[in-house]
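Working notes, beginning with the structure itself.
Below, read A as the first sequence line, B as the second, and so on, with proteins coming before strands; counting in each chain starts at 1.
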Amino acid sequence: MDKQSENEPLSEEARLAEDVIQGILKTRKLFTLYPPNNPVYINASDSIVDKFRKFFETNDRLSLKIFQNEILFNNEQVYHNPEKSDNLALFFFKDGLKEITFLSSITRNEIEDFIRILITDFEHDAPDDDIVTILWERNFEHITYFADENFLTDVSEEEKAADNVKEKVYSDDSLKKAYHDSLKAETVQPDIPVPLSTDDIQHLSSDMEMQHQSKTDKFVVILFELLYNSTDLVTFKEIVRHIESTLKYCVSIGDFRSASHILNVIKDDTKKRVHEDKKNIFDPIFTAINSSSLIEDIGRVLDNVTAIEEGWFISYTKHLNETTIPPFINIMGEVQSLKGRHLVIEALAIIGQLNIKTLAEGLKNNKWHVVRDTIHILGKIGNSASIEYLAKSISHADERVRREAVKTIGSLKSPETLLYLSKALSDQSYAVRITAAKAIGNMRTKEAKKALINELTSKDFISKDFTEKKEYFGIIALWPDTEVKEFLIRTLKKRQFWKTIKNNETRACAAYALGILHEKDALPLLQKASRSGNKALRENSLAAINKLTT
Amino acid sequence: MEDKEFEKIAKGLINSFALVIKTAQIHHINNVAVVNAIQKFLSFLNPILSSEAVTIELVGEFFHLNNSRVRYSMEYIFNFEFLIEEFKKKRLGAIIFEEIVQEEDIKTLVNTIISSSHAEMPFQVIHKALEKAPQIHVKELRKIRDDHTEFKKKQLIKRSYLNAAALTKDITNRVKAGEMVSLKRPKRTIGAIIDQLIEDESMLIGMTTIKDYDEYTHYHSVNVSILSMALGHKLGLSRKILANLGLAGLMHDIGKIQIPIDVLNKPTSFTDEEWQLMKQHPAHGALLILRIKEIDDSLLNLVIPTFEHHLNYDLTGYPKLRHKVKIDFLSSIIAIADQYDAMTSARVYSRVPLSPERALSTLLDKSGTQLDPYLLKVFINMIGIYPIGSLIVLNSNEMGLVFENNTNPDLINRPRILIISNSAGERLPGKNTAVDLTEKDENGNYKRSIIKTLDPNQYGINLAEYLL
Ligand SMILES: [Fe+2]
Ligand SMILES: [Fe+2]
């Protein structure tokens, strides 16, 4: 049926149709290369929509006839490709698609969907489908097609079947007998079937709603029924393999409820029902769930499935062993979505308890956020032994890591906590220093107080920024005792000839802290300071007085 | 207009119009029931007409309201199907309302639609009558359904049916041989059947009266598949789920290949031991399917009904379960179709099958215990009181076979009949005549009515022979 039309120029309509096909081919290519939110993708989509629109300015339908190597519009060849590969005509033709029609009211969504169908990798993603089954299932409102079902059929098979049935035609005698009986038969008045009530319809509708939910629950029940009913070892092993693939499937669709259900049943139920010598048959399932490839799958699922139930995900991770810690740390670096990262952290907070040392390997990761999250997880676990691993992180290059480390060290009650926190007070970053100071404040011990006063009285402290100094004094005011009171009064009184402004700022901080402490004895001193020529000292003293007198 | 809002109004509009015609077929046009129905219809129609014209058009098997397809939904499906049939019979392609209309205009429209019923050219009658109601226009249905297209359609349906039977046999053989089975071909076949089912359900249900004694299981599987899909379609299930249902129907008894053939074909009743073997076929089937396909969503929808099709609504039946969980909806559908087809087929252990109506009343006895009572109601409504394939005797003493149900539930006792013998009991020469029992004579009385039924199986009379 091939025909070459090099010499005849195409009619205007056919040229527009050809444009559409070329546009589809080009868009198909771009759709494989770019994600839908990419400008190139959007442009490609704009352009193909435009080509369709141009065609439909003068036509209300675009009907294309498909042959092996060519596509015809109104008997004019608008596509030709003699090759086997990348042949659009053949792509349709091989599945028996003979004609495809686009109607002028076709929407942008339909055009995009249609082109996305053209890039389906049938072999891998839809082994039980072809172009026709997919078009059928989509049921596009403005794309119709005609497919030849004959090529699927063995006609002789069909005729044999028909002959088989026809052979049994009844005789005239039986017709006679029927007629004879009919004269004697009783007259009937059958009941009219009961109409459906609103209640019936509601029942049915709610059952139908359920059809959109996954049926893995029921499937799992059936698998275990089959398992307990199996009579020979070979079948038993086979069903265990099906259970394993089901489990992997559940994980791949983010159904951690069914996945943990399977594992629970294996652990609890099978204990009672399965004979001791068969129990090791389940081992491969546990090898599978702990394999790094399945953990990598989880990473992909966390990014792609939005409806993951956190509770079930957590129950699932409780079945995993410590070998999954490193792959989980890896996916912590890969997962993009916020919720996904949160879930990985929750998982590691559970599995990590099995081996803190392995978890701490995450601190050596070259992605700063993995290090930070690992620290966070160690903090959640709260084992004071992890402080030895965390110590290194307080000198990590990234400020965000150091801050997390300081916060976490502060939360771990260990003899070394104060040592590391004090060290962090001299961190180059303001945020880290303040976090360290606050963490020391939260300790509330005598030693902590001492460390803080040491810092406040150190030689360099006076030069710090006013805000920072004020934060520190706010923290020391957490200890309402004489030592602190006396220290503050001493500081407020202190005068010096050099760095006068800086010193007055420190005095202002002391005034501020005395206000927090409600230290009435300091009132005369504060009143005096409130008349100071230094603005910071004056204002903070006035504020403190205000606090003390109301 | 919002999409949801549009859907709601569109469905309401078409449903209320169907009700107007239905009630007017039974009562006089001025009867209060008809007038109420018209008022309801106008309450949908006139608000739209105040801003734009309204076109109700039949495109293929769907109504379009002002160029947008109106979806099917469960609560309206019987009325939608009825109205589609009315449009087709009267060759109506579209009704266009230009401006606000009054009760009288609708009465004119409805009267003419009803009175055109037995006219040679119903559309022309309606068109002419509407000169009295200038706000309303009609367009003729584009594709003329002449004998030729009717014949071609029958051919295609026959082909799909036999194709499905051959396919089931092929799948069975492959599974027996332990080969992998691709579902591409079954999916294509099922897809084609669903399209035909949407267009003409009666013809396909008629095909299920084919009961092949020798290849019982293959034909039975196809019948179960078709009956299940027909029921699913009545419920308004999506195409995807219908396809799942169809495939599950084809596969549901696949487990029987593991039952020794001499047990399967045993002419006398089973011993206890043999029964135990038979009861294993759902579990065998589930396992076989697990072997031929990778796990995914559609596999679940194959395995579950195969495993559950002999479990009862009250969870008795087999296989015996350790954990009792509510039966899946698709399994319940297959179970009803399965029992109906089995009862109406001659099998090795019960040579004389039940007549379609006896089968229905047997099913009704199981409602709420063995079978889902809600689904069963829909199924019985679908099959009708004179199921397709019933052998009936008319008041004219003619005998006939029911081949198409009346889509108006109030006229369900007036199906379309294939006359097989005249009033003297003689076989009709040549082609059989189809008659519509709603036809009336010049005095307004029905020309023919059913007065008796006979069991077609007792005489070996089978509708399938007329269809092939
Ligand atoms: Fe069965
Ligand atoms: Fe069956």
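Neither the backbone nor the side chain of A/I253 comes within less than 4.5 Å of any heavy atom in chain B. When heavy atoms are compared at a cutoff of 4.5 Å, A/F224 does not approach chain B at all. Contact annotation for B/L247: neither backbone nor side-chain heavy atoms come within less than 4.5 Å of a heavy atom of chain A. The parts of A/T216 that come within reach of chain B are both its backbone and its side chain, each placing non-hydrogen atoms under 4.5 angstrom from that chain. Both the backbone and the side chain of B/Y374 come within contact range of chain A, each with at least one heavy atom under 4.5 Å from a heavy atom of that chain. Interface residue B/N422: only backbone heavy atoms are found under 4.5 Å from chain A. If you measure heavy-atom distances from B/E308 to chain A, the contacts under 4.5 Å come from the side chain alone. Heavy atoms of B/S331 lying under 4.5 Å from chain A are absent altogether.
Of the N and O atoms on the side chains of A/S252 and A/D297, not one donor lies less than 3.5 Å from an acceptor on the other residue.
Judged by the 6.0 Å and 45° rule, B/K377 forms no cation-pi pair with B/F379.
Across B/R188, B/K187, B/K184, a single residue satisfies salt bridge (charged side-chain N to carboxylate O under 4.0 Å, His left out) together with A/D129, and that is B/K187.
Considering only heavy-atom pairs separated by less than 4.5 Å from chain A, the leading option among B/L167, B/D296, B/I241, B/L237 is B/D296. Listed options A/H203, A/H180, A/E137 were ranked by heavy-atom pairs under 4.5 angstrom with chain B; first place goes to A/H203. By number of non-hydrogen pairs under 4.5 angstrom with chain A, the leading residue of B/V393, B/N244, B/L375, B/I304 is B/I304.
A side-chain donor-acceptor contact under 3.5 Å links A/K218 to the backbone of B/K326.
For the pair A/L175/B/M399, a side-chain contact is recorded, criterion being any heavy-atom separation below 4.5 Å from C-beta on.
Ring centers of A/F114 and A/F102: under 6.0 Å apart, within the cut-off.
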